[in-house]
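The figures here come from the full heavy-atom set of this structure, side chains too, leaving out hydrogens, waters and symmetry mates. This one's a predicted model, so the numbers in the text were calculated from it and none came from an experiment.
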Amino acid sequence: MAKKITIDPITRIEGHLRIDVEVDNGRVANAWASAQMWRGIEVILRGKDPKDAWSFAQRFCGVCTTVHAIASIRSVENALNVEVPLNAQYIRNLIIAQHSVQDHIVHFYHLSALDWVDIVSALKADPKKAAFIAQSFSDWPGNSVKEFEAVRDKLKGFVNSGRLGIFASGYWGHPAMRLSPELNLILATHYLKALDYQRKAAQAVAILGGKNPHIQNLCVGGVATAVNVDNLATINMERLSYLKKLMKETAEFVEKVYFPDLVILANYYKDWFGYGKGVDNYLAVPEFPLDTKNEKFELAGGVFFSGNIKPYKVLKNHSEQYLINSITESIVHSWYEGKDGLHPWEGETKPNYTDFQANGKYSWSKAPRFEGKPMQVGPVAQLFAIYASDNTEAKRFIDESLKRIGVEIYDLQSTMGRLVARGIRARIMAHLSLKFLDMFVENIARGDTEYANHTDIPEGEFKGVGFHEAPRGTLSHWIIIKDKKIKNYQAVVPSTWNASPRDEKGAMGPYEASLVGNPVLEPEKPLEVLRTVHSFDPCIACAVHTIDPEGNEIVRVKVL
């Protein structure tokens, strides 16, 4: 007899997500993804000055703030056909790349690793043996006996006090955990070290953006980050030198710690390349503009159907009408009222809450569709687009990474594949950070110090879209401007694509479809469900992660 499992909320994500699955004979037979928080900023933006939209829009989330700022400012610039100075493009590209590095480090270690790493098992590890193993993978200087002993003792202190702190409520000892005590200690140590290195990437974003999170340096037509190598109050040689230092440090961490740890997981859990495929249609948009008109991009985008790496369409810029015209949103199973299947420019945001109805409305997320089909967005789609383009430099990272793990590009269509794809993308982003910094410095050396093409909002009605390939996937902000004010504003975010409920045809969204067929060894401890959901790096809305100091119930798993 099938059992129904409800996990509410899913933790170690951004936002509030409920997952329901039906398990029959140890496998997931059906699934529902329910976003449990309403995002109303689209409504707040109506009537506001379009030049301020980016500042409001990045409040969609408290973590992936930068991406919303970028997509929003691009939507206004697209509507008004504004050119962006090359220095501003490079500064934005640097912010985007470093934000991605920071985001991917956080996801691997702090949001998903504990689905695969048994923290309590690490207490039994031999630090000398752990150091020997770690040093065989990497020459990272932190892989020392002293470091592993210190972390093991710290973990013992947590356990002996009866308070595991950030490691409380884990499924420790679960039969689906496979790493040896030494490997668990290695990854637990790197989990703690990753806190320092994600901060370095965040520092780089703050230097360029004025603040992190919620950058402060954008303006329609460029950035407010003044460029003057001789002025202490602007981006100067001292700041550029410090940026390079931070970027090199994070790049080294990605190469010598993050990716080797990912290789360990991928090899010990290789069967997970066979679970979690789900929706095999993929969408990625071009990213990192290389000119002032947004016509040339460092990375191409693409549309892929039925898991075929040969693209149905390669996307070279954001102005392609095929891309703009193919997106609609279904609300048949979403807590909204109004017309179904609207294009984002005509989109409505009218809440209509009904409680959870498995056959009716059950999520605050709408169901975006591309040519009427559900699409998976994120690192797998991004790597497919790179692989299908002529970018040999980025493709080299993919080929070399896959060879180290011993899998093919098609194996990325899975739970473990999404983790691997994100790790490969982190390597590419770290490389591009240094590349764009060099391009920025070279452009300044040529005498170009322009950083903004300040633009006023003209009379009339305009509509625009700002696309951005964010760490979690394709993001788009859609704006209609009338009488110098925002008439309508809609955001179609990566987790809207991936967390979407069923549409009017009953087609599942990517989270839901990826869970079907997954094993579940212990229904009361549905670790395998978390593995697949976390592989998408859900970002439902801005969230605060809390620990109840009294030990009261925070998460409930119901099995019926």
Inset, instruction - Could you tell me the separation between the CG atom of Leu86 and the CG atom of Leu290, rounded to the nearest 0.5 Å? - result: 8.0 Å
Inset, instruction - State yes or no: are the ring centers of Trp335 and Tyr362 separated by less than 6.0 Å? - result: no
Inset, instruction - Please name the pair of heavy atoms, one in Leu475 and one in Ala71, separated by the smallest distance, quoted to 0.1 Å. - result: CD2-CB, 3.7 Å
Inset, instruction - To the nearest 0.5 Å, tell me how far Leu208 CG sits from Ile96 CD1. - result: 11.5 Å
Inset, instruction - Indicate whether the side chain of Asn236 and that of Arg239 have a donor and an acceptor atom separated by less than 3.5 Å. - result: no
Inset, instruction - Could you check Glu42 against Gln490 for side-chain hydrogen bond (donor to acceptor under 3.5 Å, both in side chains), going step by step and ending with a plain yes or no? - result: CA-CA 6 Å; Glu42 295 96 334; Gln490 296 290 316; 5.7 Å; no
Inset, instruction - Show your working on ring-ring contact (aromatic ring centres under 6.0 Å, His included) between Tyr511 and Phe536 and close with a plain yes or no. - result: CA-CA 8 Å; Tyr511 288 4; Phe536 287 94; 4.9 Å; yes
Inset, instruction - Inspect the contact between Lys316 and Glu295 and indicate whether a charged nitrogen and a carboxylate oxygen are less than 4.0 angstrom apart. - result: no
Legend entry - Lys296 NZ: over 12 foreign heavy atoms closer than 6.0 Å: no
Inset, instruction - Check His534 against Thr11 and note the closest heavy-atom contact, atom names and distance. - result: NE2-O, 2.7 Å
Legend entry - SB check Arg427 Glu255 (cutoff 4.0 Å): yes
Inset, instruction - Answer yes when Lys51 and Glu77 have at least one side-chain N-carboxylate O distance shorter than 4.0 Å, and no when they do not. - result: no
Legend entry - Straight-line distance of Leu437 CG to Lys248 NZ, nearest 0.5 Å: 9.5 Å
Legend entry - Gln36 and Ser34: CA distance, side-chain angles, deciding distance, side-chain hydrogen bond (donor to acceptor under 3.5 Å, both in side chains) verdict: CA-CA 6 Å; Gln36 292 283 300; Ser34 175; 2.6 Å; yes
Legend entry - Under 3.5 Å donor-acceptor, Gln382 side chain and Ala470 backbone: yes
Inset, instruction - Please determine, by modelled atom types, if Ser306 and Asp280 share a side-chain donor-acceptor pair under 3.5 angstrom. - result: no
Inset, instruction - Would you please indicate yes or no on a ring centroid separation below 6.0 angstrom for Tyr282 and Phe370? - result: no
Legend entry - Glu337/Lys350 salt bridge by N-O under 4.0 Å criterion: no
Inset, instruction - Examine the side chains of Thr415 and Thr532 and answer whether a donor and an acceptor come within less than 3.5 Å of each other. - result: yes
Legend entry - Salt-bridge present (Lys244, Asp438; N to O < 4.0 Å): yes
Legend entry - Option passing ring-ring contact (aromatic ring centres under 6.0 Å, His included) with His477 (candidates Phe467, Phe56, Phe60, Trp54): Phe60
Legend entry - His107 backbone acceptor or donor facing Ser112 side chain under 3.5 Å: yes
Inset, instruction - Can you measure from NE2 (His99) to OG (Ser433) and round to the nearest 0.5 angstrom? - result: 12.0 Å
Legend entry - Salt bridge present between Arg369 and Glu329 (N-O < 4.0 angstrom): no
Legend entry - Pair Phe288 and Phe436, ring centroids less than 6.0 Å apart: yes
Inset, instruction - Please name the pair of heavy atoms, one in Ala53 and one in Ile486, separated by the smallest distance, quoted to 0.1 Å. - result: CB-CD1, 3.8 Å
Inset, instruction - Would you mind checking if Glu461 and Lys484 are paired as a salt bridge, meaning a charged N to carboxylate O distance below 4.0 Å? - result: no
Inset, instruction - Consider only side-chain N and O atoms of Thr292 and Gln89, and report whether a donor and an acceptor are under 3.5 Å apart. - result: no
Legend entry - Interatomic spacing from CD in Glu320 to OG in Ser326 - rounded to 0.5 Å: 10.5 Å
Inset, instruction - With Val227 as reference, evaluate Asn443, Asp448, Ile444 under the side chain to side chain contact (heavy atoms under 4.5 Å, CB included) test and give the passing residue. - result: Ile444
Legend entry - Pair Lys200 + Asp196, salt bridge at N-O below 4.0 Å: no
Legend entry - For Glu469 against Leu283, the heavy-atom pair lying closest together: OE2-O, 4.4 Å
Inset, instruction - Given side-chain contact (heavy atoms from CB on, under 4.5 Å), test Ile386 with Phe397 step by step and report yes or no. - result: CA-CA 10 Å; Ile386 290 172; Phe397 283 98; over 6 Å; no
Inset, instruction - Looking only at non-hydrogen atoms, find the nearest pair between Ala202 and Asn212 and report the distance. - result: CB-ND2, 3.1 Å
Inset, instruction - Inspect the surroundings of CG in Asn81 and state if more than 12 heavy atoms from other residues, nucleotides or ligands are less than 6.0 Å away. - result: no
Inset, instruction - Measure from the ring center of His343 to the ring center of Trp478 and say whether it is less than 6.0 Å. - result: yes
Inset, instruction - Could you tell me whether Lys245 and Glu249 have a side-chain N and a carboxylate O separated by less than 4.0 Å? - result: yes
Legend entry - Cation-aromatic face contact Lys373/Phe305, 6.0 Å, 45 degrees: yes
Inset, instruction - Please report the closest heavy-atom contact between Cys219 and His454, naming both atoms and the distance. - result: SG-CE1, 3.9 Å
Legend entry - OG-CD1 distance between Ser500 and Ile331, expressed to the nearest 0.5 angstrom: 14.0 Å
Legend entry - Expected output: side-chain Thr250 to main-chain Met247 donor-acceptor under 3.5 Å: yes
Legend entry - Tyr312-Phe304 aromatic ring centre distance below 6.0 Å: no
Legend entry - Ion pair check, Arg74 and Glu287, cut-off under 4.0 Å: yes
Inset, instruction - Mind running side-chain hydrogen bond (donor to acceptor under 3.5 Å, both in side chains) on Arg425 and Ser100 for me, showing each step along the way? - result: CA-CA 8 Å; Arg425 188 176 188 270; Ser100 292; 3.2 Å; yes
Inset, instruction - Might you work through the side-chain hydrogen bond (donor to acceptor under 3.5 Å, both in side chains) test for Gln376 and Arg418, ending with a clear yes or no? - result: CA-CA 11 Å; Gln376 186 178 148; Arg418 279 185 284 274; 3.2 Å; yes
Legend entry - Between Asn317 and Asn294: side-chain donor-acceptor atoms closer than 3.5 Å: no
Legend entry - Pair Lys339 + Glu346, salt bridge at N-O below 4.0 Å: no
